[in-house]
Amino acid sequence: MACKWGMRQWAVLTLLLTTFGGSGANVARAQKKDSCVECHAALEGPLAAPVEAMNEDVHRARGFSCADCHGGDPSRDDPLESMDPRKGFLARPSPRAIPALCGRCHSDAEFMKRYNPALRVDQEREYFTSVHGKRLRAGDARVATCTSCHGAHGIRPAQHPLSPVYPLHVAETCARCHADAAYMKEYRIPSDQYDRYKRSVHARALYERQDLSAPTCNDCHGNHGAVPPGVASVAHVCGQCHVRQSTLFQASPHKAAFDAMQLAECVYCHGNHEVLPPTDEMIGTGEKSVCVSCHPPGDAGYQAAERMRALLDDLSRHLERTLAILDRAERAGMEVSRAKFELNEARDALTHARVLIHAFSVKELENVIRPGLEIARRGYQAGERALAELNYRRKGLAVSLLFILFLAFLLYLKVREIEGAS
Amino acid sequence: MRVELRVEAWRAWLDERLGTDAVREFLRRKAVPIHRHTIWYYFGGMTLFLFVVQVVTGALLLLYYRPSAEAAFESVQFIMTEVEFGWLVRSIHSWSANLMIATLFIHMFSAYFMKAYRPPRELTWVSGTFLLLLALAFGFSGYLLPWNKLAFFATKVGTDIAGDVPLVGRFLLRFLRGGEEVTGATLTRFFGFHVAILPGMTTIVLALHLILVQKHGMSVPPSLEGKSLRKMPFFPNFLLRDLIGWVLAIGALAALAALFPWGLGEKADPFAPAPAGIKPEWYFLFMFQTLRLLPAKVGIVEGEVLGVTIFLLGGIFWMLVPFLDKPASGRRSRFFTGVGVFLVLYLVIMTIWGYLV
Amino acid sequence: MPSWSEQRRKLLNILLGTSVGATLVAIFYPILKFMIPPEVIEATQASVVAGRVNELPPNSGKIFKFGNKPGLLVRTPTGEYKAFSAVCTHLDCIVQYRPDMRLIWCACHNGQYNLSGKNIAGPPPRPLEEYVVNIRGEEIVVSKA
């Protein structure tokens with residue numbers, strides 16, 4: 001399929017070049033004759049698929065085309081000429097070559113500036129700090145490279161909701177390899193992270209509430225430089241979001257102990273992939289307590305855990321009790337919105353107390369729990385008062401009805417008396 | 001002796017200035033016929049009593065109510081929670097309104113079936129039908145005032161129906177809503193209707209109605225007319241019996257208010273979607289249900305327009321019954337009794353139907 | 001000596017008189033009680049007095065009650081007043097003003113909002129609802145937009 005270029009087409013091209021502020025040879029080539037697209041679009045099946053996929057591609061939208069990655073000469077119609085390896089044609093870039101291929105542009109700050117000045121240019125360097133990158137360098141071609149996650153043809157910006165690296169899809173993308181037990185066998189690493197993550201509080205926030213700020217794989221492991229965070233850095237990773245818990249922990253007596261025992265701080269109690277919503281049962285000396293794994297019965301920590309659990313339980317019990325009585329009063333038609341509002345503060349105290357656990361100090365916890373308890377108690381009294389008022393109304397009604405009926409009866413007697421006389 | 005003298009002196013003094021003796025004389029002579037339908041005579045008095053309850057509780061509510069979209073709901077909530085006995089006053093106002101409409105209907109149909117509209121009482125009947133309209137208008141306007149979700153949408157639907165009145169519908173809709181939509185402006189208007197315009201009109205029509213009742217005395221059903229009936233003095237015999245009813249009504253209102261407090265619901269939000277199952281107050285339900293049953297198009301006329309027109313013509317017919325049902329006996333009169341029976345059945349069936357669906 | 005029926009009549013009248021009196025009291029007592037204004041005078045919740053003008057120094061904030069939800073009144077470092085819903089859009093904790101960060105901050109998960117209420121860090125998915133602040137004499141009046 002040949003195409004003759006007339007004056008008009010040339011004029012359009014010139015215009016396009018000017019608008020692109022264009023000097024890039026790549027751009028110019030993309031606007032020129034593109035025999036790759038012309039031929040492959042006419043082909044069938046897998047040979048046409050890349051052309052179609054490229055329609056959605058962010059690079060395509062910026063004017064790049066096949067030859068910018070695959071090389072060759074798209075100005076030629078003859079396949080032997082256009083796909084001549086001597087002209088740099090590369091049908092299938094090997095995995096080992098891919099980081100460098102993408103990096104040719106993406107690691108070039110000068111070049112990237114022209115298209116997306118905000119985009120980072122250190123992905124390639126970062127990649128080679130990752131386990132994936134290191135193994136690739138060592139000759140393992142089964143590891144993930146750029147295209148494994150971003151796709152090859154039809155790459156969308158990471159913020160695009162259909163991109164495989166959009167927050168909602170990251171876990172699935174990683175899971176394509178990491179949840180495959182057979183694929184992971186050789187590396188002797190578990191393949192249940194994805195399933196466990198999906199049960200975590202983070203996954204629930206991300207998928208159920210569509211809260212895009214909830215962490216997925218890359219938020220803890222890094223994206224291009226993916227590694228498992230070590231014992232030393234795990235607290236920093238969690239602390240990115242859970243700042244207060246982390247700060248409290250760093251200042252607590254546990255810090256030194258955990259360091260000495262080489263325990264990963266947060267993970268030791270909360271787990272890693274399957275971070276479940278924390279419960280009050282995690283503290284204390286009960287069956288699900290995490291404290292007892294180190295603190296034997298009778299030691300100071302054991303007692304403190306017991307005490308802290310008692311404090312939390314006390315407040316949540318009071319809260320529940322108060323809420324129940326206020327609900328009962330509300331259902332009976334009494335207005336208790338003020339008391340319910342004030343109860344917010346007690347609920348807030350409980351939330352704070354649960355965070356404050358990470359200071360592992362009974363005294364500090366008491367300082368938060370006590371005012372909360374006082375508020376809950378006041379709310380309970382308000383509920384009791386409302387119910388008493390209701391009772392009072394009913395009793396008042398009964399008494400006044402009695403009098404009213406009595407009066408009606410007297411009136412009836414009076415009528416009979418008058419009519420009897422006449 | 002001396003006490004009696006002083007009372008006599010006061011009486012003379014008052015009579016000279018107010019003409020109280022004429023009233024006393026009138027009351028002394030006013031009598032109520034006794035027969036098997038006497039019971040129906042009490043419903044007029046009961047309606048009047050409930051109206052007085054409405055006036056008193058309504059005036060009290062005015063002390064705290066605020067007629068604006070921003071504050072109406074909150075002020076009613078305030079009445080229910082912060083003001084002492086506010087829950088009682090508001091609940092009684094709502095319950096009494098409903099009971100009043102109910103007794104008004106009973107009073108009207110009893111008057112209809114006893115053919116109390118026969119000459120010379122035609123105008124008593126006409127003024128009574130006006131009072132019915134006013135009572136319905138009171139109910140419709142008062143329903144919106146708490147500015148809750150249900151009332152908001154019921155008003156929307158209700159005023160929409162008013163918009164279907166032939167010729168003047170468009171004007172009527174704008175007149176009622178104070179604009180194209182139900183907004184805070186509608187609330188302010190309804191408040192004005194409810195506490196100023198309607199009470200003023202009611203005072204005049206009610207006064208006329210009561211004066212006419214006094215002037216013509218109690219009507220006796222045609223079947224008993226001409227027979228010599230026993231009579232009881234209005235004062236004190238009949239009034240005391242009335243009083244028993246009123247005292248019991250107070251008891252009933254207090255019990256309803258305490259056991260079934262009138263809810264407040266959620267605050268109206270003009271931008272929220274209409275809740276499912278909006279229904280008007282029960283006394284509009286028969287109209288609502290009829291309009292719902294009509295097909296969208298009857299011939300070339302829209303179903304709703306047709307329905308509204310029929311109700312309008314029916315209302316006018318109802319008002320003119322005394323002039324149509326003459327001589328109030330014979331075949332023609334039996335036809336009117338039949339119309340009444342049909343109407344009662346229609347209202348009952350449609351209302352129940354409207355409730356069930 | 002009055003007859004039996006005479007006595008009965010008298011008793012009936014006395015009872016009737018007291019009952020009518022008692023009923024009238026029972027009717028007028030609630031009415032009078034109703035008319036006495038309650039201690040809480042303000043019914044409207046579309047706007048609320050969140051504080052007084054000299055109460056807050058610049059770069060500080062306070063929680064106030066707005067309807068049945070908490071609100072946060074902030075005086076910015078430049079002396080401006082701003083008001084927001086104090087309910088964090090993440091998990092409904094109550095947010096606070098952090099003078100050291102010059103931000104609105106949620107202690108539960110380190111959610112941060114800037115002084116326009118926009119969520120700028122941490123887990124909050126949405127900005128805080130902003131209210132309108134008006135100064136009326138000495139009072140800072142906050143109302144829903």
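Order of the sequence lines sets the chain letters (A, B, ...), proteins ahead of strands, with each chain counted from 1.
Using a 4.5 Å cut-off between heavy atoms, Phe406(A) contacts chain C through its side chain alone, with no backbone atom that close. For Leu411(A), the parts lying under 4.5 angstrom from a heavy atom of chain C are both the backbone and the side chain. For chain C, the nearby part of Gln245(A) is the side chain; its heavy atoms alone come within less than 4.5 Å. Within the 4.5 angstrom heavy-atom criterion, atoms from both the backbone and the side chain of Arg9(C) approach chain A. The contact between Val355(A) and chain C is made entirely by side chain atoms (from C-beta outward), counting heavy-atom distances below 4.5 Å. Of the atoms belonging to Asn13(C), it is side-chain heavy atoms, and not backbone ones, that fall under 4.5 Å from chain A.
Within 6.0 Å of CZ in Arg199(A) there are more than 12 heavy atoms belonging to other residues, nucleotides or ligands. Counting non-hydrogen atoms of neighbouring residues, nucleotides and ligands closer than 6.0 angstrom, the CD atom of Glu274(A) exceeds 12 such neighbours. For Tyr412(A), the OH atom counts as loosely surrounded, since its 6.0 Å shell holds 12 or fewer non-hydrogen atoms of other residues, nucleotides or ligands. Counting non-hydrogen atoms of other residues, nucleotides and ligands closer than 6.0 Å to CZ of Phe64(C) gives a total above 12.
Contact of the Pro70(C) side chain with the Asn344(A) side chain is registered, since non-hydrogen atoms from C-beta on lie closer than 4.5 Å.
Expressed to the nearest 0.5 Å, how far CD1 of Ile14(C) lies from CG of Leu410(A) amounts to 12.0 Å. Rounding to the nearest 0.5 Å gives a distance of 6.5 Å between CG of Leu16(C) and CG of Leu407(A).
When every heavy atom of Ile94(C) is checked against every heavy atom of Asp348(A), the shortest pair comes out as N-OD1, 3.2 Å.
Here Tyr29(C) pairs with Phe85(B) under the ring pair (Phe, Tyr, Trp, His ring centres under 6.0 Å) rule; sequence neighbours left out. With sequence neighbours excluded, the residues that form a ring pair (Phe, Tyr, Trp, His ring centres under 6.0 Å) with His273(A) are His221(A).
Applying the salt bridge (charged side-chain N to carboxylate O under 4.0 Å, His left out) rule to pairs touching residues 357-382 of chain A yields Arg307(A)-Glu366(A), Glu366(A)-Arg370(A), Glu374(A)-Arg377(A), sequence neighbours excluded.
Within residues 19-28 of chain C, the residues having any heavy atom less than 4.5 Å from a heavy atom of chain A are, in residue-number order, Ser19(C), Val20(C), Thr23(C).
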